[in-house]
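Have a look at the structure below, then the notes.
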Amino acid sequence: MDARIERLVTSGQFTLDGGTWDVDNNVWIVGDDREVIVIDAAHDADAIAAIAAAVGDRRLTAIVCTHAHNDHIDAAPALAERTGAPVLLHPDDLPLWKQTHPDRAPDAELTDRQTLAVAGAELTVLHTPGHAPGAVCLYAPALGALFSGDTLFAGGPGATGRSYSDFPTIIDSIGRRLLALPGDIVVYTGHGETTTIGAEAPHLQEWIDRGF
């Protein structure tokens, strides 16, 4: 298997509930020299050009959205139009998606335990609501990888202080679905640096105790 993981960082703004914040996002490209998938096509036209340049002449088989906050999906429709790749999103996040793209629906739904294949690697969709109702993570055991979107970061769970989010739900998702994975699995996050399941697992009760 020649599949590998590439990281591209794009910059822009996250907007929700009347607030706007400057953010840097991780765009993950998974595949080989022939075909790839893109996880979270973030931000604006400059980002689309950067993502397309990173993909190069490889076939883009899917644009996977870990959730539908605007900073993770802004570039998805335009990248799909440019490459012909379908946009995949869990249906529970359609209300958030429509806030950003009211006139363009995703091309297909992500479902829990669905498997996506690229370059000989398989990525299993894990529905992990909490940060957003349709949030998903992608687990690729052969790559030793979990693509966590904004569900789990180095140091704790994703934010749950805004619309469509819920702290007990994200704690349940992390505890049941993610921290049960092998400790050496590398967590490729939606923002910031990577971590591992083993580094985060001992802190679950701390997060619960402080509501974070």
Closest heavy-atom pair, Ile29 versus Ala54, reported as atoms and distance to 0.1 Å, is CD1-CB, 3.5 Å

Are Val38 and Ile5 in one and the same hydrophobic cluster, where Ile, Leu, Val, Met, Phe, Trp and Tyr link if side-chain heavy atoms are under 4.5 Å apart? no

Could you give the distance from CD1 (Ile39) to CG (Leu88), rounded to the nearest 0.5 Å? 10.5 Å

Look only at the side chain of Thr100 and the backbone of Asp74, and say whether a donor-acceptor pair between them is shorter than 3.5 Å. no

How close do Ser173 and Pro129 get, heavy atom to heavy atom, and via which atoms? OG-O, 2.6 Å

Please confirm whether the backbone N or O of Val30 pairs with a side-chain atom of Glu6, one donor and one acceptor, at under 3.5 Å? no

So CG of Asp93 and NE2 of His72: to nearest 0.5 Å the spacing works out to 10.5 Å

Can you tell me if Trp97 uses its side chain to pair, donor with acceptor, with the backbone of Arg104 under 3.5 Å? yes

Start with the C-alpha gap between His67 and Tyr164, add the side-chain angles, then the distance that decides, and say whether side-chain contact (heavy atoms from CB on, under 4.5 Å) holds. CA-CA 11 Å; His67 62 292; Tyr164 301 97; over 6 Å; no

Looking at Ser165 and Gly161, what are the two nearest heavy atoms and their distance? OG-N, 3.6 Å

Is the backbone N or O of Ala117 less than 3.5 Å from a side-chain atom of Glu122, with the two atoms forming a donor-acceptor pair by type? no

Same cluster or not: Ile37 versus Val55, using hydrophobic residues (I, L, V, M, F, W, Y) connected whenever any side-chain heavy atoms lie under 4.5 Å apart? no

Donor-acceptor contact below 3.5 Å, side chain Gln114 vs main chain Thr111: yes

Taking distance alone, no hydrogens or angles, what donor-acceptor pairs closer than 3.5 Å link side-chain atoms of residues 174-188 to residues at least two apart or in another chain?
{"residue": "Arg176", "atom": "NE", "partner": "Asp172", "partner atom": "OD1", "Å": "3.1"}
{"residue": "Arg176", "atom": "NE", "partner": "Asp172", "partner atom": "OD2", "Å": "2.9"}
{"residue": "Arg176", "atom": "NH2", "partner": "Asp172", "partner atom": "OD2", "Å": "3.2"}
{"residue": "Arg177", "atom": "NH1", "partner": "Asp112", "partner atom": "OD1", "Å": "3.3"}
{"residue": "Arg177", "atom": "NH1", "partner": "His127", "partner atom": "O", "Å": "3.4"}
{"residue": "Arg177", "atom": "NH2", "partner": "Asp112", "partner atom": "OD1", "Å": "3.1"}

Quick one: does Leu79's side chain get under 4.5 Å of Leu60's, heavy atoms only? yes

Below 3.5 Å, can you tabulate the donor-acceptor pairs from side chains in residues 131-143 to any protein atom, sequence neighbours excluded?
{"residue": "His131", "atom": "ND1", "partner": "Ala159", "partner atom": "O", "Å": "2.7"}
{"residue": "His131", "atom": "NE2", "partner": "His69", "partner atom": "ND1", "Å": "3.1"}
{"residue": "His131", "atom": "NE2", "partner": "Asp150", "partner atom": "OD2", "Å": "3.4"}

Sequence neighbours excluded, which residues qualify as side-chain hydrogen bond (donor to acceptor under 3.5 Å, both in side chains) partners of Asp103? none

Nearest heavy-atom approach of Thr195 to Ala199 is OG1-CB, 3.7 Å

Derivation and outcome, side-chain contact (heavy atoms from CB on, under 4.5 Å), residues Ile48 and His43: CA-CA 8 Å; Ile48 297 164; His43 298 308; over 6 Å; no

From Leu94 atom CG to His101 atom NE2, the distance as rounded to the nearest 0.5 Å: 12.0 Å

Output for pair (Leu152 CG, Leu146 CG), nearest 0.5 Å, gives 7.5 Å

Taking all non-hydrogen atoms of both residues into account, name the closest pair between Thr10 and Ala47 and its distance. CG2-CB, 3.8 Å

With sequence neighbours excluded, residues passing side-chain contact (heavy atoms from CB on, under 4.5 Å) with Asp17: Arg162, Ser163

Sequence neighbours left out, what passes side-chain hydrogen bond (donor to acceptor under 3.5 Å, both in side chains) with Ser148? Give chain and number order. none

Please check if any side-chain donor atom of Thr160 sits under 3.5 Å from a side-chain acceptor atom of Asp166, or the reverse. no

Which atom of Ala85 lies closest to which atom of Ala80, heavy atoms considered: O-CB, 3.2 Å

Are the side chain of Asn70 and the backbone N or O of Thr15 linked by a donor-acceptor pair below 3.5 Å? yes

What I'd like to find out is whether the side chain of Asp33 reaches to under 4.5 Å of the side chain of Arg4, using heavy atoms alone. yes

With heavy-atom distances below 4.5 Å as the criterion, would you say the side chains of Val87 and Cys65 are in contact? yes

Approximate separation, where rounding is to 0.5 Å, of Leu110 CG and Leu126 CG: 11.0 Å

Cluster question for you: counting only ILVMFWY and a side-chain heavy-atom cut-off of under 4.5 Å, with indirect links fine, are Ile170 and Ile197 together? yes

Answer with yes or no whether the hydrophobic clustering places Leu8 together with Ile63; edges join I, L, V, M, F, W, Y residues whose side-chain heavy atoms lie under 4.5 Å apart. yes

Criterion side-chain contact (heavy atoms from CB on, under 4.5 Å) on Phe147 and Val64, from CA distance to verdict: CA-CA 11 Å; Phe147 300 92; Val64 182; over 6 Å; no

Begin from the C-alpha positions of His191 and Asn25 and carry the test side-chain contact (heavy atoms from CB on, under 4.5 Å) through to its verdict. CA-CA 5 Å; His191 308 270; Asn25 285 54; 3.2 Å; yes

Tell me whether Thr189 contacts the main-chain N or O of Thr194 through its side chain, where contact means a donor paired with an acceptor under 3.5 Å. no

Should Phe153 and Val23 be counted in the same cluster of Ile, Leu, Val, Met, Phe, Trp and Tyr side chains packed under 4.5 Å apart? no

If I take atom CD1 from residue Ile73 and atom CG from residue Leu89, how far apart are they, to the nearest 0.5 angstrom? 7.0 Å

Is atom CD of Gln13 surrounded by more than 12 heavy atoms (other residues, nucleotides or ligands) closer than 6.0 Å? yes

For Glu81, side-chain hydrogen bond (donor to acceptor under 3.5 Å, both in side chains) partners two or more places apart: none

When you measure from the side chain of Arg7 to the backbone N and O of Asn26, does any donor-acceptor pair fall under 3.5 Å? no

